[in-house]
Amino acid sequence: KWKAVRPLRAVRVQTPYSVPMQAPPRLSGGSLCALAPGRLCLFGGRDSASGDTLSDTRLITIRSGIAIWDECLCDPHPAARCYHTGVVWNDGPRSRTELPPMIVFGGASDGDSGHERLLDDVWSASMVMSSTRSSATSTAPSPAQSSPAPSGPPLSWRRLRPAGSPPTARSSH
């Protein structure tokens, strides 16, 4: 069932791992996955205003019908891309404290002479349960409140190197 959620104007503190966003980005070709109840991850895409292809990771927390946007400062992270595939891999191996990871494959990146370069790499983004549980179950902060700084990054990326040869580089698949 579709339900409109309104963005919350950010009055939170910047941390070493995230920057509050004032409004959702205007993108095409990004991937959005639900990593946990009330927690979404948006990766990459092409900025609708500038045409730039991005490598940004955004975390969205939905609380009481309000979308709270943060840009996650991750290092390492996948190269800038759009029109890639992003899915949650529920059957994948993980530790007991990790939620199912978001897997990103392929896409198009900026290339030479205005031509796109197709990608064939695979990345995994993981969240740990403790940071997700506290974010997803707490109530919406009032505009005057600020959230405590997290002890570590809310999400981390790692490149996967699957056995065998990868599928052909592609986008819009």
Side-chain angles (χ1 to χ4, degrees), residues 10 12-21 24-25 27-47 52-62 67-111 116-138 147-173:
R12 300 177 315 281
V13 184
Q14 179 174 337
T15 72
Y17 308 108
S18 65
V19 177
M21 295 177 63
L27 298 172
S28 63
S31 57
L32 178 71
C33 291
L35 298 181
R39 291 294 295 232
L40 306 172
C41 181
L42 173 63
F43 173 73
R46 183 161 288 148
D47 185 288
D52 294 335
T53 303
L54 306 174
S55 63
D56 300 341
T57 302
R58 278 102 176 202
L59 293 176
I60 305 101
T61 303
I62 307 294
I68 303 166
W69 288 77
D70 289 291
E71 182 175 344
C72 186
L73 306 175
C74 304
D75 191 27
H77 59 81
R81 67 191 67 213
C82 58
Y83 308 114
H84 52 279
T85 295
V87 297
V88 173
W89 187 24
N90 288 316
D91 296 332
R94 60 185 184 272
S95 74
R96 293 177 56 159
T97 59
E98 280 184 325
L99 293 163
M102 174 181 176
I103 305 295
V104 167
F105 168 72
S109 186
D110 295 333
E116 292 182 333
R117 181 172 57 97
L118 298 181
L119 303 168
D120 66 356
D121 54 343
V122 182
W123 287 79
S124 172
S126 297
M127 291 182 72
V128 286
M129 284 187 198
S130 59
S131 66
T132 304
R133 186 181 303 119
S134 63
S135 296
T137 59
S138 61
S147 304
S151 59
L155 179 135
S156 62
W157 284 101
R158 66 186 171 101
R159 184 163 183 187
L160 302 179
R161 303 205 187 271
S165 57
T168 308
R170 64 192 70 199
S171 73
S172 303
H173 53 282

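- Side chains of Arg58 and Pro25 form a contact here, defined as non-hydrogen atoms less than 4.5 Å apart.
- Test Thr61, Leu155, Ile62 against Arg39 for side chain to side chain contact (heavy atoms under 4.5 Å, CB included) and you get one pass: Thr61.
- Two residues are said to be in side-chain contact when any heavy atoms from C-beta on lie closer than 4.5 Å; Pro154 and Cys72 meet this criterion.
- No close placement of the His173 and Tyr83 rings is indicated, their centers lying 6.0 Å or farther apart.
- A donor-acceptor pair under 3.5 Å is formed between the side chain of Ser109 and the backbone N or O of Ala80.
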For Leu54 and Asp47, run side-chain contact (heavy atoms from CB on, under 4.5 Å): C-alpha distance rounded to whole Å, both residues' side-chain angles, the deciding distance at 0.1 Å, then the answer. CA-CA 7 Å; Leu54 306 174; Asp47 185 288; 4.3 Å; yes

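- A donor-acceptor pair shorter than 3.5 Å can be found between the side chains of His84 and Ser31.
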Checking side chain to side chain donor-acceptor pair (under 3.5 Å) for the pair Thr57/Trp157: CA distance, chi angles, key distance, verdict? CA-CA 10 Å; Thr57 302; Trp157 284 101; 2.9 Å; yes

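- A 4.5 Å side-chain heavy-atom check between Leu160 and Ile103 finds at least one atom pair inside the cut-off.
- You'll find the side chain of Asp110 reaches within 4.5 Å of the side chain of Arg46, heavy atoms only.
- Taking the side chain as every heavy atom from C-beta outward, Val88 and Pro101 never approach each other to under 4.5 Å.
- Across all their heavy atoms, Leu118 and Ser171 have their closest contact at CD2-OG, 3.6 Å.
- Aromatic rings from Phe43 and His77 are positioned such that their centres are separated by 6.0 Å or more.
- Between Asp121 and Arg81 there is a salt bridge, since a side-chain N of the basic residue sits under 4.0 Å from a carboxylate O of the acidic one.
- The shortest side-chain heavy-atom distance between Trp69 and Leu59 does not fall under the 4.5 Å cut-off.
- The side-chain heavy atoms of Met102 and Trp89, taken from C-beta on, include no pair separated by under 4.5 Å.
- At least one side-chain heavy atom of Leu119 sits less than 4.5 Å from a side-chain heavy atom of Arg117.
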Please report the C-alpha distance between Leu73 and Val19 in whole Å, then the side-chain angles of each, then the deciding distance to 0.1 Å, and finally whether the side-chain contact (heavy atoms from CB on, under 4.5 Å) criterion is met. CA-CA 8 Å; Leu73 306 175; Val19 177; 3.9 Å; yes

